[in-house]
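In what follows, a single structure is set out as structure tokens and then discussed.
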Amino acid sequence: MDQMLDLPPPLSNEVPMMHHMINGDAPQQVILVQVNPGETFTIRMEDGALQCIQGPAEVPMMSPNGSIPPIHVPPGYISQVTDNTGMRRVVVTPHSECYPPSYSPALSPSHHIHPPYLTHPHFIPASHTSYYPPVSPGDVPPHQFYQHRLPPIFPEGKLHSPLTVCNSVKGPSSDARAFTTHSAPPDTPLPPRLSHRTKSSLTLQWKPPADNGSKITNYVLEWDEKNSIFREYYVGHQRHCKVMRLYPAVGYTFRVAALNDIGTSGFSTEVVFYTTGSLPQTSLPPWLVQAGPSWVTLEWMRPNSCSTEEVVTYTLEMQDETKGLDFQAVYSGLELNRNVESLRRNTQYKFRVSEAQIQDVNGTTAQSPVRYLRYFINLCLCSERQWATLYRGPERKHLCEDRKPATSYSLRLSCVNVGGQSQCSDDLTVCTHIPPPGRCQPPIIVGNVKHKEMTLQWDGPLCGEESENVEFSLEMCAMEEGSEPTEVYCGCKAECTVGNLLPGTTYRFQVRAANSAGYGPYSESVEISTAAGPPGQCRPPAINVMSHTCADVTWESSGIDISEYRLDWGRDLDSLELVYSGTETYFQISNLEASTDYCCRLQAVNQAGAGPYSDLVTCRTPAAAPDVVSGFCLVDHPLNPTESEPFSHSTCLALTWDEPRCNGAEMTSYSISMGDSIITAGNVTCHIIRDLLPDSDLQIRAENEMGPGPFSQTLTVRTRPLPPSPPRLECAAVGPQSLKLRWGFSSRSQLTDDTTYVLQMEDRNQRFVVVYRGPSHTFKLQRLSESSRYRFRIQAVSEAGEGPFSETYTICTTKSLPQTLKAPRVVQLKGNACEVTWESIPPMRGDRISYVLQVLGGRGSDYKQVYKGDETSFQLSGLQWNTDYRVRVFACRRCADTLQELWGSFGPSAHFNLRRSDATLAVEADVTRVSMGNTLTDEQFAGLMVFGVASLSVLMAFLLQLLI
């Protein structure tokens with residue numbers, strides 16, 4: 001079966017187009033069209049294209065006016081409308097079995113294909129309300145898409161995956177695909193509702209509509225003042241508005257729309273609200289039409305201020321003075337006359353008429369052809385919502401008495417006749433008036449009255465519900481002739497602080513209360529005087545600068561009621577301090593600084609307080625001579641030494657001081673007083689005095705363009721003694737690699753215990769460096785080079801200072817002796833000969849080395865020289881058999897520059913003995929070498945002999961002592 005939506009009038013042989021766009025001026029509704037399995041639903045889009053939707057599917061459509069558009073169905077099928085939770089659904093069902101489901105005479109033949117397996121349904125967004133619905137691959141040509149409108153009430157959602165059905169056989173379901181619509185303008189809001197009204201204002205409220213994905217930014221409230229032209233009254237984000245400055249008992253038309261970042265919604269339904277009516281004017285008294293023994297007939301006139309649309313209720317009240325009763329109501333209704341009965345004969349009664357104005361909001365009352373016999377009026381307090389029967393009877397009017405003022409009541413009416421009781425009418429909400437407030441109590445003073453302000457407080461007329469929402473109006477009037485009262489306060493609090501008053505002035509105050517019914521009467525007036533005010537602003541004082549340290553300040557008197565004057569003095573506005581407080585008009589300020597800016601201000605004080613300060617007055621003290629120099633002292637070394645003039649503590653003094661205040665004039669020089677002489681120094685803070693005598697007294701003063709300042713305190717200084725002269729330097733011992741120096745004075749008077757000596761030696765860069773500093777008189781230098789010249793100078797240092805350096809001394813080191821050779825080696829040769837060998841020594845700084853060999857043995861007791869030369873071996877012959885011999889060798893350095901021979905020390909000796917051998921081959925004799933550690937030298941042997949003889953002598957003496 002094929003289905004088709006159509007709009008009347010239908011077009012022949014064409015598929016009509018259904019409008020899906022939202023019309024903001026008409027109500028709209030979403031309608032679901034259910035497409036059954038095996039059926040095809042065809043829609044004409046706005047661009048003229050046809051969209052075919054294969055069932056099963058549910059197609060949401062938007063109805064512009066809320067009605068169901070006609071759907072063309074084939075014969076044998078009918079469309080039914082169901083309503084499920086507010087959502088209307090169109091279902092097409094077969095009416096009989098005579099037509100197959102796929103028959104459709106109004107459409108082109110449907111393309112029936114086997115149900116394929118659907119993939120994910122693809123929704124291609126076209127706008128905030130448009131999506132491309134899922135269709136089967138065989139239903140649409142390639143590369144073409146059909147658009148389907150979704151209602152904007154679903155900004156986000158999911159569509160159920162479609163099923164493919166063929167011959168009641170379901171294919172597999174595709175996966176679900178989530179989608180999100182674009183944001184849209186807000187929905188059309190509901191009409192505003194009335195939350196409160198007065199004679200001149202209406203307070204409206206409205207609820208926010210659906211924002212459709214974009215936050216609502218503003219609301220537009222428009223109104224119509226009976227000229228059929230709507231104008232904007234309010235634009236903002238609030239959901240309430242109070243419309244002000246309206247006329248009483250007039251209806252106004254309102255509508256509201258919402259705005260977001262996408263656009264503006266449609267305006268709500270127009271609604272009319274009325275302001276309350278004005279209080280009627282005072283009625284004319286009723287007049288007597290006819291009187292009887294026990295009755296009277298009275299008439300009265302309708303007030304001219306009431307319009308024809310207003311319904312006025314009249315209340316006739318009567319007072320019987322004989323009973324002492326107040327006025328009591330005897331009639332309440334709409335009639336302009338009344339017959340009062342049950343009166344006493346020949347009795348005087350008083351009558352009066354009052355009106356109650358009621359606005360007919362609902363217009364004229366519809367009359368029913370059924371005659372009602374009894375009426376029921378149900379009354380409900382709006383805040384409690386509890387209905388109670390207020391009246392039951394045949395009358396068509398009723399006076400509701402004993403109601404609470406300023407309270408909203410809801411009324412509804414029902415009727416009863418012989419056929420039964422009717423339904424209740426619509427609720428009518430009526431708000432009782434509140435009477436104007438009564439007279440307030442006169443204002444009273446709270447706290448102390450000041451000279452410019454006072455705090456007033458008063459009591460309201462009532463304390464209860466009738467006093468709620470009461471405002472107070474306080475009026476003030478000066479006592480001067482021609483002054484008019486002015487409102488100084490209007491608010492809900494019963495207290496007010498009135499400011500900007502004049503000191504010592506009397507004012508008249510009165511207060512009244514107001515509510516929604518109007519203002520009440522004024523209270524009794526009260527006269528209140530402000531306190532006396534403080535003095536006015538003083539004239540600027542006069543400053544007479546007497547010197548750089550003193551100034552006189554004078555000022556004019558400000559009146560006889562001044563209790564004191566206050567004088568502030570300082571260098572600037574931030575440093576002002578109170579320097580004088582009293583009744584005098586003169587003050588002298590001392591201890592000022594020269595060439596300094598000062599300022600002052602004056603203030604007068606009386607019993608009411610302190611007046612404002614005078615204008616600021618400035619002055620400047622003159623320049624003066626410099627202040628006393630401080631920090632005058634002696635230093636050990638000059639701050640700015642000069643090489644051209646040496647500094648000596650014995651004859652020179654290095655002085656320094658702090659620069660004093662110049663007192664406004666540039667410093668020129670300093671004068672140093674030393675006895676009867678004056679030493680002038682430039683604009684500096686240090687100076688060196690030369691050629692001084694011991695025990696000198698010094699003073700210093702500064703000078704500028706204004707003259708010299710005072711001298712400083714006396715500084716007593718004493719020159720140091722002369723430093724010691726240098727001692728005489730001489731060489732005590734000299735060696736090839738060391739020098740031992742000693743020094744001393746020719747006179748013992750120059751020697752002191754605290755004398756320190758500084759020995760300096762010239763280095764390779766011809767600079768003297770300190771090699772010794774201390775009190776000793778000798779010093780040995782090690783690790784020197786042989787045969788080298790060294791230059792020395794010495795200096796003595798004591799408490800008097802460092803003495804001068806001595807003349808330069810040149811001392812040479814000697815040449816080094818050859819080293820001691822090791823014991824020679826002896827090898828026995830053939831016969832009675834042997835060969836002696838020893839180690840060699842390289843040349844020393846170009847000097848040749850020769851060797852000397854000595855032998856001890858046989859009958860001789862001394863070593864004899866047997867060889868001298870450059871060789872390192874020598875053969876001895878002619879030796880005796882079985883005889884002990886000793887040989888030793890020492891080296892000799894032959895100086896090439898002086899032809900001097902430097903002999904080294906003897907090395908250890910070697911012992912050997914020639915023994916006869918039967919062998920024919922030469923064999924090495926039994927030679928016993930004695931090393932340095934095991935062979936005794938001659939000196940050691942002699943010492944050992946002396947030690948033995950001495951030991952023997954001691955032993956003999958000991959034995960002799962025992963024998964005796």
Side-chain angles (χ1 to χ4, degrees), residues 196 198-201 242 244-245 279 406 434-539 558-566 601-615:
H196 183 71
T198 62
K199 295 184 297 182
S200 60
S201 66
K242 186 175 183 180
M244 308 289 290
R245 300 178 180 177
L279 292 175
I434 181 172
R439 186 186 301 272
C440 298
Q441 296 297 322
I444 59 175
I445 301 174
V446 178
N448 297 326
V449 178
K450 301 181 180 179
H451 64 282
K452 285 188 177 182
E453 67 177 25
M454 64 180 68
T455 301
L456 302 178
Q457 193 179 61
W458 55 91
D459 292 333
L462 294 174
C463 296
E465 295 182 358
E466 298 182 0
S467 64
E468 296 180 358
N469 300 325
V470 175
E471 292 185 352
F472 299 96
S473 174
L474 178 66
E475 287 190 355
M476 180 187 71
C477 181
M479 300 299 295
E480 300 177 358
E481 185 177 358
S483 299
E484 295 182 358
T486 57
E487 186 181 50
V488 295
Y489 171 75
C490 182
C492 299
K493 294 184 178 180
E495 184 177 345
C496 171
T497 299
V498 184
N500 297 326
L501 303 178
L502 297 178
T505 306
T506 302
Y507 295 91
R508 179 183 294 113
F509 295 92
Q510 58 184 4
V511 66
R512 63 177 178 175
N515 56 15
S516 59
Y519 282 99
Y522 279 104
S523 67
E524 296 180 2
S525 62
V526 60
E527 295 181 0
I528 303 175
S529 299
T530 57
Q537 185 179 21
C538 300
R539 292 186 177 182
S558 298
I560 60 176
D561 60 342
I562 301 300
S563 59
E564 65 174 1
Y565 294 98
R566 296 175 182 175
R601 64 184 181 183
L602 186 67
Q603 184 186 41
V605 182
N606 62 7
Q607 294 181 354
Y613 283 101
S614 67
D615 295 336

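All residue numbers refer to positions in the sequence shown, counting from 1.
- Side-chain contact between V470 and C492: absent, with no pair of heavy atoms (C-beta onward) separated by less than 4.5 Å.
- The two residues W458 and P443 have their closest heavy-atom pair at CB-CA, 4.1 Å.
- Checked by atom type and distance alone, the side chain of Q603 pairs as donor or acceptor with a backbone atom of G611 at under 3.5 Å.
- Side-chain contact between F509 and L456 is present, with heavy atoms from C-beta onward closer than 4.5 Å.
- The two atoms that bring A478 and S483 nearest to each other are O-CB, 3.6 Å, heavy atoms only.
- Shown here are the side chain to side chain contact (heavy atoms under 4.5 Å, CB included) partners of E524, two or more places apart in sequence or in another chain: P442.
- Across all non-hydrogen atoms, the minimal contact from P535 to P612 is O-CD, 3.4 Å.
- A donor-acceptor pair under 3.5 Å is formed between the side chain of S563 and the backbone N or O of V605.
- Expressed to the nearest 0.5 Å, how far SG of C477 lies from CD of E484 amounts to 8.5 Å.
- In this structure a side-chain-to-backbone donor-acceptor pair under 3.5 Å is present from T530 to L502.
- Looking only at side-chain heavy atoms (C-beta outward), M476 and L474 stay at 4.5 Å or farther from each other.
- Looking at residues two or more places apart in sequence or on another chain, you find no side-chain hydrogen bond (donor to acceptor under 3.5 Å, both in side chains) involving R439.
- Residues satisfying the salt bridge (Lys or Arg N to Asp or Glu O under 4.0 Å) test with E527, not counting sequence neighbours, are R508.
- Screening residues 486-501 for side-chain hydrogen bond (donor to acceptor under 3.5 Å, both in side chains), with sequence neighbours left out, gives T455-T497, Q457-E495, S473-E487.
- Looking only at side-chain heavy atoms (C-beta outward), I528 and Y507 stay at 4.5 Å or farther from each other.
- In this structure, P521 and P437 approach most closely via the heavy-atom pair CD-O, 3.6 Å.
- Counting only heavy atoms from C-beta outward, the side chains of D615 and Q537 approach each other to under 4.5 Å.
- Nearest heavy atom pair, residue P435 against residue N515, reads O-ND2, 2.7 Å.
- The side chain to side chain contact (heavy atoms under 4.5 Å, CB included) check on D459 picks up Q441, with sequence neighbours excluded.
- Looking at S523, its side chain does come within 3.5 Å of a backbone N or O of V511 through a donor-acceptor pair.
- Nearest heavy-atom pair across A608 and A532 is CB-O, 2.7 Å.
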Apply side-chain contact (heavy atoms from CB on, under 4.5 Å) to M454 and L501, showing your working.
CA-CA 9 Å; M454 64 180 68; L501 303 178; 3.8 Å; yes
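- Partners of Y522 under the side-chain hydrogen bond (donor to acceptor under 3.5 Å, both in side chains) rule, at least two apart in sequence or in another chain, are E475, R512.
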side-chain contact (heavy atoms from CB on, under 4.5 Å) between C496 and F472: does it pass, once the steps are laid out?
CA-CA 10 Å; C496 171; F472 299 96; over 6 Å; no
